[in-house]
Amino acid sequence: SVKLRGDKPPVDFAAKFSLFPDRVQFSDVNLKLAKSLVKGEVAVRDLRKLNLAVRYDARLDWQELSSLFSLGKWQGEVQWKGQGTFTPGQTRLDGDLTMDTKRTGVEGWEHVAWSVRSKLSLENSQATRGLRAKLENLQADALGGKLRGAAEVSLRDADLRIHSDLQAEQ
């Protein structure tokens, strides 16, 4: 178990480590802040190629994330549970995302509460030449209305692109 302290919220980290002939396994991985917790496991399948497989269950507090990443005064909760792979030149994470926001760090929209539920896939690879997020089965609720559909966000260098196919409901 490791504890990290500084000007940001304190972080506790613990994991079990096992060595097998074909892999290195980190199980019961816990990364804990005061209000946030990421649990999971990591298998390193090939140390020479640094091939990793992960499973994760993240329950994150918006206020702590805001403090860590200087995002303003967000409040609410983010949950993301899924699996992924990491290899040199490619990262992919897929899982179920839930975001419930009571307060945002967006000027002029601070008190607009909203929620999102979606299948989220994140990919960073040579093929995407940057970060790409796909939101499928997207359900967003805000301002008394609902949006349903899909969206894709890509970031290459400083070029941010957003494509959405959303239907509004009341």
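Values below: all heavy atoms of this structure, side chains included; hydrogens, waters and symmetry mates excluded.
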Could you pull out all donor-acceptor pairs under 3.5 Å where a side-chain atom in residues 30-38 meets a protein atom, sequence neighbours excluded?
residue, atom, partner, partner atom, Å
Asn30, ND2, Asp28, O, 3.3
Lys35, NZ, Gln63, OE1, 3.4
Ser36, OG, Asp61, N, 2.8
Ser36, OG, Glu64, OE1, 2.5

Could you list all the salt bridge (charged side-chain N to carboxylate O under 4.0 Å, His left out) pairs where at least one residue sits in residues 86-96, not counting sequence neighbours? Arg92-Asp94, Arg92-Glu123, Asp96-Lys119
Just so I know, are the side chains of Val29 and Tyr56 near enough to count as touching, which here means a heavy-atom distance under 4.5 Å? no
Less than 4.5 Å apart, side chain to side chain, heavy atoms only: is that true for Arg161 and Asp159? yes
Spacing of [X] atom [atom1] and [Y] atom [atom2] [to the nearest 0.5 Å]:
X      : Y      : atom1 : atom2 : value
Lys134 : Ser154 : NZ    : OG    : 11.0 Å
Arg103 : His111 : CZ    : NE2   : 4.5 Å
Gln90  : Thr85  : CD    : OG1   : 6.0 Å
Leu131 : Leu155 : CG    : CG    : 6.0 Å
Trp80  : Asp57  : CH2   : CG    : 12.0 Å
Glu41  : Ser18  : CD    : OG    : 10.5 Å

Looking only at non-hydrogen atoms, find the nearest pair between [X] and [Y] and report the distance.
X      : Y      : value
Gly84  : Leu93  : CA-CD2, 3.8 Å
Met99  : Trp62  : CE-CZ2, 3.3 Å
Asp100 : Ser115 : OD1-CB, 3.1 Å

Ignoring hydrogens and geometry, is there a side-chain-to-backbone donor-acceptor pair from Thr98 to Arg117 under 3.5 Å? no
Do the side chain of Thr104 and the main chain of Trp109 share a donor and acceptor less than 3.5 angstrom apart? yes
If you draw a 6.0 Å radius around CD in Glu169, do more than 12 non-hydrogen atoms from other residues or ligands fall strictly inside? yes
Please list, one pair per line, the donor and acceptor atoms closer than 3.5 Å that link side chains of residues 138-148 to other protein atoms, with sequence neighbours excluded.
residue, atom, partner, partner atom, Å
Asp141, OD1, Arg148, NH1, 3.2
Asp141, OD1, Arg148, NH2, 3.4
Arg148, NH1, Ala140, O, 3.4

Report the C-alpha separation of Leu135 and Leu97 in whole Å, then their side-chain angles, then the decisive distance to 0.1 Å, and conclude whether the side-chain contact (heavy atoms from CB on, under 4.5 Å) test is met. CA-CA 9 Å; Leu135 297 152; Leu97 174 71; 4.2 Å; yes
Using the rule that two of Ile, Leu, Val, Met, Phe, Trp, Tyr join whenever any of their side-chain heavy atoms come within less than 4.5 Å, decide whether Phe20 and Phe26 are in one cluster. no
When Val44, Val54, Leu50, Asn124 are each screened for side chain to side chain contact (heavy atoms under 4.5 Å, CB included) with Phe86, the one that passes is Val54
Is it the case that the side chains of Trp74 and Thr101 hold a donor-acceptor pair, with the cut-off being a distance below 3.5 Å and no angle test? no
